[in-house]
Amino acid sequence: MTTYFTYPSAELQTELRRIANFIVAPGKGILAADESVGTVGKRFADIDVENSEENRRKYRQLLFTADEGLSKYVSGVILFHETLYQKADDGTQFNELIKKKGILCGIKVDKGVVPLMGSEDESTTQGLDDLSQRCAQYKKDGCDFAKWRCVLKIGKNTPSYQSMIENANVLARYASICQMNGLVPIVEPEILPDGDHDLERTQKVTETVLAFVYKALSDHHVYLEGTLLKPNMVTAGQQCPTKYTPEQVAIATVTALSRTMPPAVPGVTFLSGGQTEEDASVHLDAINKCTVAKKPWTMTFSYGRALQASVLRAWGGKDDQIPKGQAELVKRAKANSDASLGKYERGSCVGFAASADLYIKNHQY
């Protein structure tokens, strides 16, 4: 087989590397505000708010007009297509509001998971057909990075070879197309926490999945310095009877990454994976304090529900509660900024956030 290929131009390499390193600057992470209309509807239903376009716009405006201090802790915001083209009350587009704060705009570009025929209820992700045209337009409209999520699950016979190789190749093709259009791809192979598997099983599956992903990225000549990884933390299945400490989670996570992730990648932006707000902060903090292996990458957050649960509760769809919701957003962002530096004090963000954690558990948020 031929080994011929060409690197991206020097100018494109510089642009991609600049964006990737900006996103994972020390003490900063990503606010994932890219929930689909359906997902937003589920979250609004829990606070008795109608899932209308206007209410979605109002809530996004709450997030993007928060205190200027938000930019101390957040370097990027991932948007949904609808949100990118919505405007604030004064007519300013949301992406302009975000960029004025010194925060980069990203965009969710996958079109959702679909069944993978011949598998044991596994899936792949669709949206490659017109991806290049969409990426070119998103770049023109002010986006600097993108996100694509593939989903894998742990079961007796899963993830299968079929699922791992298919999803790895989809992620690699997506990453290549993004870079071709000047967007930094965030590569997200999410291993779902459903099941009763133990921590050791999750660690091995994570290592195997990431090995497939980075082989595929290499096969597609993806410029690693211009990418970011958004993986699951290595946690036991939610129905596992054994309860593991944050330190054990950290050791398993750091070990899995050190065995599979090239040091050329600038950073890891963890997804919260159904964890409570407090657990997501505590685990991120433990990961950054862990010394079991070398960590040549920045390790930070790309949280959706783990940044917004208490925000939604504080807001409740009421205009007069917008300042309270914004205060919660900044508080949670600071907590995760501290965690990304290994400086989080456990329990320092309790109170309203703690009640939100209980709310998430009760509602499977």
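Each residue takes its place number in the sequence, starting with 1. Fair warning: this is a prediction, and the values are worked out from it, not measured in the lab.
Using a 4.5 Å cut-off on side-chain heavy atoms (C-beta onward), Cys178 and Cys135 make contact. You'll find the side chain of Ile30 stays beyond 4.5 Å of the side chain of Val77, heavy atoms only. The shortest distance between side-chain heavy atoms of Leu199 and Thr242 does not fall below 4.5 Å. Contact check for Glu54 versus Tyr59: no side-chain heavy atoms found under the 4.5 Å cut-off. Contact of the Cys143 side chain with the Leu183 side chain is registered, since non-hydrogen atoms from C-beta on lie closer than 4.5 Å. Considering only heavy atoms from C-beta on, Arg149 stays 4.5 Å or farther from Thr125 through its side chain. Looking at Leu312 and Phe44, their side chains come closer than 4.5 Å, going by heavy atoms from C-beta outward. In this structure the side chain of Lys108 never reaches within 4.5 angstrom of the side chain of His81, judged on heavy atoms.
In this structure, the ring of Phe5 has its center less than 6.0 angstrom from the ring center of Tyr7. Outside the 6.0 Å centre-distance limit, the rings of Phe270 and Tyr303 are not counted as a close aromatic pair.
Within a 6.0 Å sphere centred on CZ of Arg173, other residues, nucleotides and ligands contribute 12 heavy atoms or fewer. When the shell of 6.0 Å around NZ of Lys204 is examined, it contains 12 or fewer heavy atoms from other residues, nucleotides or ligands. Other residues, nucleotides and ligands contribute more than 12 heavy atoms inside 6.0 Å of the CD atom of Gln137. Surrounding NZ of Lys334 are at most 12 heavy atoms belonging to other residues, nucleotides or ligands under 6.0 Å away. Within 6.0 Å of atom NZ in Lys140, 12 or fewer heavy atoms from other residues, nucleotides or ligands are found, so the atom counts as exposed in its surroundings. Under a cut-off of 6.0 angstrom, the local environment of NZ in Lys289 is crowded, with over 12 non-hydrogen atoms contributed by other residues, nucleotides or ligands. Summarising the local packing, NZ of Lys139 is surrounded by more than 12 heavy atoms from other residues, nucleotides or ligands at distances under 6.0 Å.
Salt-bridge check for Asp110 with Lys147: failed, with every basic side-chain N at 4.0 Å or more from each acidic carboxylate O. A salt bridge does not link Glu50 with Lys58: every distance from a Lys NZ or Arg NE/NH1/NH2 to an Asp or Glu carboxylate oxygen is 4.0 Å or more. With respect to the salt-bridge test (charged N to carboxylate O, under 4.0 angstrom), the residues Lys331 and Glu328 qualify. Using a cut-off of 4.0 Å between Lys/Arg side-chain N and Asp/Glu carboxylate O, Arg17 and Glu225 are scored as not salt-bridged. A salt bridge links Asp219 with Lys215: the distance from a Lys NZ or Arg NE/NH1/NH2 to an Asp or Glu carboxylate oxygen falls below 4.0 Å. Under a 4.0 Å N-O distance rule, the pair Glu122/Lys153 does not qualify as a salt bridge. In summary, Arg57 and Asp89 engage in a salt bridge, as defined by a charged side-chain N under 4.0 Å from a carboxylate O. Using a cut-off of 4.0 Å between Lys/Arg side-chain N and Asp/Glu carboxylate O, Glu35 and Arg60 are scored as salt-bridged. Looking at Arg134 and Asp129, no side-chain N of the basic residue comes within less than 4.0 Å of a carboxylate O on the acidic one, giving no salt bridge. Note on Asp285 versus Lys343: no salt bridge recorded, every NZ/NE/NH1/NH2 to OD/OE distance being 4.0 Å or above.
For the residue pair Ser36/Thr39, the side-chain donor-acceptor check at 3.5 Å is satisfied.
With sequence neighbours left out, Asp320 forms a side-chain hydrogen bond (donor to acceptor under 3.5 Å, both in side chains) with no residue at all.
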Inset, instruction - Show the numbers, then the answer: is there a side-chain contact (heavy atoms from CB on, under 4.5 Å) between Phe22 and Asp144? - result: CA-CA 11 Å; Phe22 182 92; Asp144 287 302; over 6 Å; no
Inset, instruction - Tell me, with the steps shown, if Thr269 and Ile186 meet side-chain contact (heavy atoms from CB on, under 4.5 Å). - result: CA-CA 8 Å; Thr269 60; Ile186 294 183; 4.2 Å; yes
Inset, instruction - Go through Tyr85 and Phe94 one step at a time and tell me if the ring pair (Phe, Tyr, Trp, His ring centres under 6.0 Å) criterion holds. - result: CA-CA 7 Å; Tyr85 299 104; Phe94 283 158; over 10 Å; no
Inset, instruction - May I have the step-by-step check of side-chain contact (heavy atoms from CB on, under 4.5 Å) for Asp338 and Glu345, ending in yes or no? - result: CA-CA 8 Å; Asp338 290 345; Glu345 296 182 14; over 6 Å; no
Legend entry - Stepwise side-chain contact (heavy atoms from CB on, under 4.5 Å) check, Ile78 with Ile107: CA-CA 5 Å; Ile78 309 174; Ile107 185 75; 5.9 Å; no
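The minimum heavy-atom distance between Trp297 and Val265, with the atom names listed, is CD1-O, 3.2 Å.
Screening Thr227, Leu224, Leu229, Asn169 for a side-chain contact (heavy atoms from CB on, under 4.5 Å) involving Leu217 leaves a single residue, Leu224.
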Acceptor/donor pairs from residues 234-241 side chains to any protein atom, 3.5 angstrom cut, sequence neighbours excluded:
from	atom 1	to	atom 2	distance (Å)
Gln239	OE1	Gly195	N	2.8

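One hydrophobic cluster, built from ILVMFWY side chains closer than 4.5 Å, holds both Leu171 and Ile191.
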